[in-house]
Every structure is written in structure tokens, then in C-alpha cells.
Novice: 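The structure's right below; bear with me while I get my questions together.
Each chain gets a letter, A, B and so on, in the order the sequences are listed, and its residues count up from 1. Values reported hereafter were calculated over all heavy atoms of this structure, with side chains retained and with hydrogens, waters and symmetry mates removed.
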Amino acid sequence: MADTAATAGAGSSGTRSGSKQSTNPADNYHLARRRTLQVVVSSLLTEAGFESAEKASVETLTEMLQSYISEIGRSAKSYCEHTARTQPTLSDIVVTLVEMGFNVDTLPAYAKRSQRMVITAPPVTNQPVTPKALTAGQNRPHPPHIPSHFPEFPDPHTYIKTPTYREPVSDYQVLREKAASQRRDVERALTRFMAKTGKTQSLFKDDVSTFPLIAARPFTIPYLTALLPSELEMQQMEETDSSEQDEQTDTENLSLHISTAQTEARV
Amino acid sequence: MPPTDLEPARMNRKKGDKGFESPRPYKLTHQVVCINNINFQRKSVVGFVELTIFPTVANLNRIKLNSKQCRIYRVRINDLEAAFIYNDPTLEVCHNESKQRNLNYFSNAYAAAVSAVDPDAGNGELCIKVPSELWKHVDELKVLKIHINFSLDQPKGGLHFVVPNVEGSMAERGAHVFSCGYQNSTRFWFPCVDSYSELCTWKLEFTVDAAMVAVSNGDLVETVYTHDMRKKTFHYMLTIPTAASNISLAIGPFEILVDPYMHEVTHFCLPQLLPLLKHTTSYLHEVFEFYEEILTCRYPYSCFKTVFIDEAYVEVAAYASMSIFSTNLLHSAMIIDETPLTRRCLAQSLAQQFFGCFISRMSWSDEWVLKGISGYIYGLWMKKTFGVNEYRHWIKEELDKIVAYELKTGGVLLHPIFGGGKEKDKYVYYPEVFNKLLSLASTASSQKFQSHMWSQMLVSTYGFLKSISNVSGKDIQPLIKQWVDQSGVVKFYGSFAFNRKRNVLELEIKQDYTSPGTQKYVGPLKVTVQELDGSFNHTLQIEENSLKHDIPCHSKSRRNKKKKIPLMNGEEVDMDLSAMDADSPLLWIRIDPDMSVLRKVEFEQADFMWQYQLRYERDVVAQQESILALEKFPTPASRLALTDILEQEQCFYRVRMSACFCLAKIANSMVSTWTGPPAMKSLFTRMFCCKTCPNIVKTNNFMSFQSYFLQKTMPVAMALLRDVHNLCPKEVLTFILDLIKYNDNRKNKFSDNYYRAEMIDALANSVTPAVSVNNEVRTLDNLNPDVRLILEEITRFLNMEKLLPSYRHTITVSCLRAIRVLQKNGHVPSDPALFKSYAEYGHFVDIRIAALEAVVDYTKVDRSYEELQWLLNMIQNDPVPYVRHKILNMLTKNPPFTKNMESPLCNEALVDQLWKLMNSGTSHDWRLRCGAVDLYFTLFGLSRPSCLPLPELGLVLNLKEKKAVLNPTIIPEVIAGSQEATMNPSSHAQLVGFQNPFSSSQDEEEIDMDTVHDSQAFISHHLNMLERPSTPGLSKYRPASSRPTIIPQHPSGCDGTPSTKPQWNMEFSRKGTGREQSPLEMSMHPAAATPLSVFTKESTSSKHSDHHHHHHHEHKKKKKKHKHKHKHKHKHDSKEKDKEPFTFSSPASGRSIHSPSLSD
């Protein structure tokens, strides 16, 4: 009995067992499960010799059974994952039961007891009607290892990837071309921005904007900027080992840089 | 040289046997220098010195020391107050401003002024009277301790303060101070005997802020904190006797690096630069090892310090056990181009530690020996480090330089007159001779190292020659006679003919020994002939009249096509002999291949011979010579030979680089017949561009330096190509622009800043003059589209420099140059404003120099008076001495006008201004004064500038062609006058160059005798008035007028003519100066030691008497009233100050007020 319950608790996802009244499939599922458990509790009570029970006590017992089954499921899952599997095996359940203080040896005898009651399978509810508009394409049938009562695959568009990317640019010449013009654009944009926001000098008296030169600014300690390598260079130096360098590696290298900073800052 | 010089020289050598004879009547044994306060804010220094001297003559009662700029507070001798007088005639060379404006006059006056304070003549600016209480003490030749308290306020030379204007304490700001100067400039910062021949031991103490470090000579004995812990005192001891001129100091918040290989070596640099310092100095220990090995002697000092400072006076300055370098020599591992240059500087300074610092010299005329030996061992290091090719290339470069220099400005004489900086170059041209000398040098030096005879540490020309003959047993007298005692270079013209019948090569070698700067060569000359059968050396004897030399040929001229041709180095090569003359077995001929003669060779041989020489001769010098010669043969064969060389990886990279430029020239000459793409383009594409897309250059990889240099140079040379319209081909410009565009350094281990800079140079090279219609104004609208592209690149590069500055701002420098090129070619309006802003103080020095060069050029092209004034103003006021010097230098090289040119800039005010600059405005810096004289010479020539009105006194100045004639006997004066100052090679040689006109012309120039007389008399009077007439010290000197020195002694040279002067003086005052004077007499009379009273009387009646005011030393303590009637210029100074554009406050004048009276 417990075995079946365990299977029901851990594995089933019962949108189909939901009541007709329920609007929400999840609610339906909960209700159906609950009802099944109540039937189980009731039959056990009957088996134990009770003729009637108060609703509150049945509810309490249902609650306890549910907790027990959930705990078996949770614990079995842990054991299974602990051994790097995704599917619990029988031994996982056994270990779980042992751990929970249950004498597993009594289980076969208990299952074969004479007075046991057989509970019918949960009633199959009607397929909820999905609006036509949402379907797109043909849903894939379940593969053989998935029980048929499991939900169907969603519409293909939700999981099938669409190859919409362009062919990556791998032509060396184009890459170099791109890298060069991109860098040039960035540099020009940057320097123009600096020139616009700061003082400038010009080579032409009549036109100060076509070739704006950022004004010369004396440093207090001029030798520092002149001698110390910039951070960029330092970084580059650490990364670079020219012995590895050859023409081929450029291709990969270039593509990394191309994606950076498009030149929106055209001033 | 005039015979007068030979005699002293001979005597010098005779006396040299006995060792060094001091010109001073005392021997200095020990000196203490204590600087107890350094104020960076006020740029002042306070301290004292204590000199321990032993009189060498009885009756020594005046002690002369050197001191400039210093304010002397108090002098005590053995704790007794001593009277002193402080007079520096070099502050203002010509007194009593007259209309006199010619250089002859100036150099005479300057000679007098310098020798009047020359320690090697026993003179000095500071004259101390020995207190009478000590006379007895002195007569017993007992020790004297002279204690001098001094201070220095805002020194203009000698010590240089660098105080960045930022927040924080002086240490945080990176403020530092260091000693600097040209040759013996120690007197600028403390009183001393500023001579290379006076050695003593030293104790140096410097009290500085606790955050600062003082670096000085010798061992750091201890560092003591003051009681408040805010300052500490560095105590240095130098136990090896050292000349004052080799004492140095650097104080700053230095970062300290103990050399990991040699713990006795310490490096110092300014804050934040430690990583660079580590990399830069990591090589030094190898230089040490090399020198110690070849000299087979240990480095003489117990420690060595290198200090890297900002605003350096020179890149490298070597002092005893420490060298001061420019901080700009520091570099990281990413920099290629600077690395060999910096290593050279380090090696050079180290060579000078051995010869120059440790081994000092006796007199100025011996300077060449030290420069020569240090230059030689430096050359050996170069050979070992950079290889024979680089070494030979260097020798050739230096040889070309000195030949060009001497031919332009006249000969440089090494001895008896020193050669001023060029001697090194000159000397190293005798590598094979030097092999002999080297053994000498090492042996001699090791002997000297053990000797504690101090004078043994001085080297003289004579001593040097003697050691050579002792050690090697060889007599190099003819060599010395040819190159050291004579000036000038040899000019050979060679041509040949092959006599088939006799199988003889008829070589004709002519010499030109009449043009200035040349001399006649007599002696052996090596000629190398490459024949089909091999290479053969022949030694020809060059004699007076033999022009033709017959050289027998070995080859029978029967050509065996299969046979390989043996080369000089034993290699055997296949040659395509189809180009050569079928009758002659000669492939090529070389004259003096080892460069053992200082010569210029112009040799004529056929173009195919030059081509063979280029292709197959293995000597890089020969290859370079042939490249130069091939410029005259623009043929397809030459083109092919050059292209082949360019492609050859084994070929020396410098040869390949010069082949680029030659190829460009040939291509331009062949422009109408040239086929194929522009020269070098396909070559470059093949070597440096991608295989798949030939228009794109590979990403940078500078691992191979040879191809790096070639990659840098080729576009620069290509940009010089011109098409039939004399424009740079569009294809070439596009090519260069593409190189810039596709330049990608991301994967490179090295910085590409030099490469990018050269690309900008290439762009500049491609610029051709703008086509201008009706002189229209240059605006953006009529800008040539090509130029627009160039300008776009320059703008972007220059702007990027602001954000990502390159090492040493090489790119900014190239951009500024390129902009000037665009301006000059009329594409961009000519305007100096941009350059002026980059020339300001606060920019990196390379940028400043590049900008100033553009301003100098603008001044010349646009004849701008305003910019000239701006430059002159900078010469006087810029905080960096190097920049001041450099502006003068650039103005001299690219003068706004020259003496034979009409120019609106040439006017009286400018003459006055420059005159004042060299007369009084540059007294704090020998080098600057020489620079000013050079500029004056370039602008106005030796004689009175033509723009001046005729002088009032009715003098007739015959200036056009005839130069003043001076009696040969006083020529040394001219040079001696430049003694101290003209270590600057150019200016010195300029002065040396005076000789020729002087001695050849018979016409006399009338010189304003009054003023000559006046100033010189003034000086000598000042100097002489202090002598007790009976001073034996002096009388001992007097015979020394004929003593072995080339320096004329004014005070001493006048023994015979004491009565001359008053006579002249009276004559002048009567007649003005209308009388013709023999310059000899002129040079004599001012030096006369006249009785004081006579002199004063005369001078007061002279027309310049208003300048000769009486200087009163008033001392109320003294009972007697003394009236010193000696002329003094102080008042004159102050009077002039207001109107002078160059106000020069003389720190020396009037500072002895607190001193006791100098009365007897």
C-alpha cells in the first residue's frame, strides 16, 4: 500500500485527475491527489476495523500519510543524487525506509496480507481543452520511457532553436579591415569628444572644428607620463608572449575584439 | 702652430720626467664639504668647506681658490679671521660697455678673464690673505686649515634644483637637486681648487630632510638623524685622492636599488620609476666585468652609484664613484630603440670612471688622452656587445662626423691645445694602434693603482707616450706628430687605371691640403685590391711628391668562369662576372680600409665595381661606402644590387637601411625609365605583409630587431619617392596610410611607439610643396585631398597621445615635425603658436626641443623678430639648462640669418642683446656662453657686425674680407681663453678656427684699444694688487711664463714690460684709440703689474673713468682709514641693470663687505 502511495506521491503529476469544477489544473491535481489519499486512509481504517471516522481525523491521517510519503520521496531523491544518478532505484527507497526506522522485511508480508483492500485507479479526467490559437506545429509524441499519462510536450516553438545567426566572418582580410576601422572610429570619436569638451588648438585660423587638436597641457612631472608604460601596455605585456604569435591566431583574436564597443559616440 | 707653442710642449715633456709640478704654491691634501641646510623652496644652500693645505713655498701670504656664485660669509685660517677678496672677471667679460662688438676682441678679453681665475695658472676668484700671525707658521711650511662659510642662493649653474609645482612635501613632490656643469664647474657650488690636477681626499656631509637621500662620492660612512628626527646627515668619505671637479652631489627622494649582481653598486631613481630602474640597470654588471677584464684591474672605487635625475644637464656625467644620468634614459622591457642607447650611456660613464675620474689629467692639453682611452675601451665594449659590424659602423660614423666638422670649421688640435670633446672621436680611429696602447693603459693603470703618489694619478700626454714606449717598446711619435700636434684631416682623391701590358694597377692618390681643416699626410697607407684571384693588401708609402703608385696584380685576367672567388675573410663565392671589364682582373679597390687615418676618401671606380663591392665585400664600411657611391649611378644594375642587399637577411641591418634611402634616390633619378611598382613596395609587401592580402601589413611582431629596423625605415625611404611631376606617387601615400591603418600591436611584446613615429615621419616625407595660385591664403577649403588625409592621421595621432601617451612621446615629436613640414610646404598656414605652446616648461623635454626646433625654423623662414625675441627670452629664463643650451645650438645650426646676408632681423638692438648675453648673461654656464658665442659668430662673424653704425671714435674697421691679424704668439690666448668654457666642441673649434685667418692675413684690424686695455687692466690690476711685491710664491711663478703650459699667463707673462702700461694708458686717454696697435703689445700691457698709484691716477683721467669708481672698504673697527683705490665694477653693474634686458645679478660682487679689510 505504502509502495503505491509512494509512487503516486513522487511520480505523478495529475492534471488529468483534477476535478471538472476546478478552474486551475494545479488545484485539480492537488484535489485529486488529496482525494486518492483520503480513499487510501479510509480503506486502511476500514481494514483496521473502523466503521466510520470523523472528517477531521481522516484529514489528519491524510496529512500524516502525505508527509510520510513526501519524506520518503525527498530522502530517496537525495540518496539517488548522492550517487550521481537522476532516477531513484529500489535500493534508494529501501535505504530511505531503513533510515526512517521502517522494517523493510515486514513489507512483502504486509503487501500479501489477506484482508487488504484494492483501490481502483484514480479516475481519468477529461483532457482540458487547449485553445487552438496557441498551438503551433506538431507536438512531439512521448518517447517510450515516459508514461502516457504524463503531460504532452509543449508546442515545438517553445523549445526548438532556430538557426537565425549569420555565417561568422572568418575571412582574415575582412577581420583586419574591421578591426582597423573600428579602432579608428573609436579613436576618432574619443579624441573628438575630448576636443569638444576641452580646450583645443587649430592649424587653421578660419576653421577650428575640422582638425581639432586637443590643447597641449604641461605636466607638473612630465617624465612620469613619458617614461612609464601605460596600464594598457602593462596589461598587454603580461598577456602577450610573442613567441606564440603567428598569423593564424589572429583570426580568433580579432573576432573577440570586434564585438566590443560600437561607435555610437560619433560626435 | 706657431713655434712658440712647440717649445713649451717640449719642455713639458722634459719636465714630465719629474712628474707633475703644481702651478699652485701649496698642496691641498684634504677637503671637507659640509652642506648643512638645503632649502628647496628658496633654492638655497648653506654650508662650509674646510681645506687642508700645505704651503710649498715660504712667504705664502695669498691663497687663491675658485668660487663662483657663492656668497662667502667668513674665512678663517687656523681659526684666525682672514681677509679675502672675491672677484670674478668672467661675470662680465668686457667691461665699460663700448661700441666694441667684435668677437676677436671678446675672445681676447675672455681669455684674459678665464686665465685670471684659472687654477692651473695658480689663480682663482677668491683670494684669501693669510693673517700676519700665521706668516711664520707658513714659512715653516706647516699645515693651514682654511675654513670658509658660504651660501648659495638660487644658483643659475653648478647646482640645479628641480621642484615640481604640486601639492605635498618636497619629497612627495619629487623635488631634487644635483650638481651639473661643463667640465670643471664645481666652483659654482662650493669654494675649491677647481682643477683636474689638484687631488685630495674628501669628507662630504649633507644634511637633508629625513625623507630625502643625499648621494655623493665615496663611501657612505654613516647617516645620522638630527635630534628632532626631521633631518638626517649623510657622511661620505672619499679616500681616493680626487679632483674637486670630479665631486658631485644629488639629493632627492630617491628610490634605491642595490644591484642584485654587485652589492657595491647602488642605483637611485626618482619615485615611481623603480621598475624601470631595475630593468635599465640590469645590464650594468656585464659592463663592469668587461672593463675589469680588459683592463685586468678592479674597479678603483669601493662603490659605484648611478643616479637618474630629471632636467639633466647632460645625458651622462661621470664623477668619482658616481654617475649622474638623465632620467629619460630609463626604459621598460618593451622599448627597443632606447635600450642600446641607454646601455651605451652606462658603458660610457663607466669607462670614464677609470679614465677621467680615477685617473685625472695634468693640464687641459692632456684631456684628449683620457677622453681617448675611455673612448677606446668603450669602443671595445661596443665591439663585444653589439658586434664588429656595429663597431665599425660606429667608427665610420664618428670619422665622417669629425671629417665633416674639421672641413667645415677648421682643424681640431689635440695638443698642446686641447681638442674640446672631439678628441675622443679622433683617437678611436686607431684601433690597431690602440691595441698597443691598451696593454699600456692596463699596465700603466695597474701600476698607478698601487701607487700612493697622488701625482701618479694624473696623466699627461708626455707620460702617456712614455708609458706606451715602456710597455710596448714602440715609438708612436710619428703618429702623435701627425694627429696630436697637428690639426686637420686628410683629404684623398683616388683614381686608377689598369695597365694590361704590365699587369699593373696604376693608382693615383692626390691630396688636398690647402682647404681649411686639412693637412698633408705622409706615411704608410693601406690599399686593398680585390682581384679575381683574391683580395690583396698593399701598403703604399705616401710621400711628398709621389702621386702614382704601381701595384702589381696577381691575377692573369684570364677568367676562369667556374672558379670561385676568394674574399678577404677567406670565404669563396660565386660571382656573376659578366658585368666587369673583360680586360681587367680588378673587382674593387679600397683605400685605407681600416680607417687608420683621419681621412676623407673620394675614390673613382666604375659603377660595376661599386656594385661588386656592395654585394660581395663583407666589411660593412665598404658596403656603406659603395651605397653612397652608387647614388651617382642610377642604373638598373645599381637598382638590382641594392634590392639584393635589401633582401639579404645576413646583411647588416644598418647597411640595408641606408640601401633603402639610396634606392629611393636612384629611383627618383630613373623616374622616367622606372618599371614596375614603386621601389621597395613589393619587397616590403613580401617581407611584412600578409600572404593572402598583400595590402595589409602583418600584425606587429618585433622579435627580430633587424627586420624591425628595416620595417621602420623602408616606408620612410619610400615616402621620398617622386613621380615625373615631382610629387609623391599616390600609390606610395596610400600604402603608408594603409600601414598606419592596419597597424596592430596587440599581440606584440614590444612597444610600437617608434614605429608609429616613423610612419608619421614617412607621411611628412611624402609632402611636396603646395601649388599656390596667386599666393592665396591657406584655408581648409583649398586643402589638397592627400594632405587632408595626412592631416587627419596627424590630428588623430597627436590627440591620442594626450590620452595614451607613448614612450618619450615619440609620436608627439614626429607629429610636431610633420606639422612644421606641412606649414613650410604651404599646405597649412605658417603659425608658431602651436609649437610655442608645446615648447612651454612642463612638457617632456623631447617635445619641447622638437617644438623649439620648429619655432627656430619659423623664425628663419618668416624672419620673425617677435619669435626671435621669444627664443632669446627663453634662452635667458628657461628653468632647464639643457633647453637653453639647445635653443642656442639650434639657432646656430639653423640661423635666422648669417653674416653675409641682409636681414631685417639684423639690427643694433639684437647685436647688443646677444653681446650682453655672452658678455654677462651666461656667466653661470660655460656651455651656454660658448653657445652664445657660437651664435654670435654665425650671425655676425668674427668682426664687427655690419649692421652697426661706425663707431664714434673714428675707427676704421676693415671687416669685409680681411680679418684682424694677431701676432702668432698670442694665438694660444685665444684658445686658452676658451679653455674652461669651450669644452663645447663646436665653439671651441670655432675659436681654434680663428687661427687661419689670423695667421694668414697681414692686414690689421684696429681694435678699440681703450676698452681692451681697460677691462684687461682692470682684471690684472685686481689680481695683482693683492700680491705682496715680494711674494716669493709669485716670483717663483714668474719664470713660469715660459714654463710648460700652453696657457698664457697674464699676470705672469708681463714681467718684462711693467712700464708699458702707463704709457699706453696715457696715450689712450689723450688720443682715444686712433692709433694702430700691435695686438701683441696689446696683449701684454694689460697684464703689467703696475704700482697701484700710477694706475689709479691714469685710470681716473681716462675717458671711462666714470666707471672706475672707488670702492671703499669701510671698517669702523680699524683705526686706520684705508682708501682702496681700485677700480670696481659693482656700481657700474647696478647702474646698468635697469636698462639691460639681461639683468644678471652677480652673486660675487660686493659680498665681502663683512670681511676684514685687506690692508697691509
Novice: Using a cut-off of under 4.5 Å for heavy-atom pairs, which of A/Leu228, A/Thr220, A/Leu227, A/Thr225 has the most such pairs with chain B?
Specialist: A/Leu227
Novice: Between B/Thr342 and B/Glu338, do the side chains contain an N or O donor and an N or O acceptor separated by less than 3.5 Å?
Specialist: yes
Novice: Name the member of B/Leu804, B/Leu270, B/Asn753, B/Leu330 that forms the most heavy-atom pairs with chain A at distances under 4.5 Å.
Specialist: B/Leu270
Novice: Side chain of A/Ser75, backbone of A/Ile72: donor and acceptor closer than 3.5 Å?
Specialist: no
Novice: Please classify the contact between B/Leu791 and chain A as side chain, backbone, both or neither, with a heavy-atom cut-off of under 4.5 Å.
Specialist: both
Novice: Specify which of A/Arg217, A/Arg183, A/Glu187 makes the most heavy-atom pairs with chain B at under 4.5 Å.
Specialist: A/Glu187
Novice: Between B/His809, B/Gln823, B/Arg796, B/Arg788, who has the most heavy-atom pairs with chain A when the cutoff is under 4.5 Å?
Specialist: B/Arg796
Novice: For B/Gln272, is it the side chain, the backbone, both, or neither that has a heavy atom closer than 4.5 Å to a heavy atom of chain A?
Specialist: both
Novice: With no hydrogens and no angle check, just 3.5 Å: does a side-chain donor-acceptor pair link B/Tyr708 and B/Asp752?
Specialist: no
Novice: What option among B/Ile335, B/Thr810, B/Leu834 has the most heavy-atom pairs under 4.5 Å with chain A?
Specialist: B/Leu834
Novice: For B/Asp831, is it the side chain, the backbone, both, or neither that has a heavy atom closer than 4.5 Å to a heavy atom of chain A?
Specialist: side chain
Novice: Side chain, backbone, both or neither: which part of B/Glu792 has an atom under 4.5 Å from a heavy atom of chain A?
Specialist: both
Novice: Answer with side chain, backbone, both or neither: which region of A/Ala215 has an atom nearer than 4.5 Å to a non-hydrogen atom of chain B?
Specialist: backbone
Novice: If you measure from the Lys or Arg side-chain nitrogens to the Asp or Glu carboxylate oxygens, is any gap between B/Asp744 and B/Lys698 under 4.0 Å?
Specialist: no
Novice: May I ask you to name which of B/Cys693, B/Ser751, B/Ser806 has the most heavy-atom pairs under 4.5 Å with chain A?
Specialist: B/Cys693
Novice: For B/Ile819, is it the side chain, the backbone, both or neither that has a heavy atom under 4.5 Å from a heavy atom of chain A?
Specialist: side chain
Novice: Does any backbone or side-chain atom of A/Ile221 lie under 4.5 Å from a heavy atom of chain B? Answer side chain, backbone, both or neither.
Specialist: side chain
Novice: Given that the side chain runs from C-beta out, which part of B/Val163 has a heavy atom under 4.5 Å from chain A: side chain, backbone, both or neither?
Specialist: neither
Novice: How about B/Tyr858 and B/Phe835: are their ring centres within less than 6.0 Å of each other?
Specialist: no
Novice: Has A/Thr200 got a side-chain atom pairing as donor or acceptor with A/Lys196's backbone, closer than 3.5 angstrom?
Specialist: no
Novice: For A/Gln173, is it the side chain, the backbone, both, or neither that has a heavy atom closer than 4.5 Å to a heavy atom of chain B?
Specialist: both
Novice: At a heavy-atom separation under 4.5 Å, does B/Lys741 approach chain A through its side chain, its backbone, both, or neither?
Specialist: both
Novice: Salt bridge (charged side-chain N to carboxylate O under 4.0 Å, His left out) between A/Lys77 and A/Asp92: does it pass, once the steps are laid out?
Specialist: CA-CA 8 Å; A/Lys77 183 168 178 275; A/Asp92 290 333; over 6 Å; no
Novice: For chain A, which candidate among B/Glu840, B/Arg173, B/Glu793, B/Glu311 shows the most heavy-atom pairs at distances under 4.5 Å?
Specialist: B/Glu793
Novice: Counting only heavy atoms closer than 4.5 Å, note whether B/His331 contacts chain A via side chain, backbone, both or neither.
Specialist: neither
Novice: Indicate yes or no for a side-chain donor-acceptor contact from A/His145 to the backbone of A/Pro143 under 3.5 Å, with no hydrogens or angles considered.
Specialist: no
Novice: Taking side chain as everything from C-beta outward and backbone as N, CA, C, O, which of these in B/Asp846 sits under 4.5 Å from a heavy atom of chain A? Side chain, backbone, both or neither.
Specialist: neither
Novice: Quiz question: by atom type and distance under 3.5 Å, do the side chains of B/Glu801 and B/Thr812 form a donor-acceptor pair?
Specialist: yes
Novice: Could you tell me if the ring centre of B/Phe750 sits under 6.0 Å from that of B/Tyr755?
Specialist: no
Novice: Between B/His176 and B/Asp310, is there a donor-acceptor pair closer than 3.5 Å when you use the side chain of the first and the backbone of the second?
Specialist: yes
Novice: Distance-only, no hydrogens or angles: does the B/Ser814 side chain make a donor-acceptor pair with backbone N or O of B/Ala757 under 3.5 Å?
Specialist: yes
Novice: Given the options B/Val162, B/Leu798, B/Leu273, B/Asn165, which has more heavy-atom pairs under 4.5 Å with chain A than any of the others?
Specialist: B/Leu273
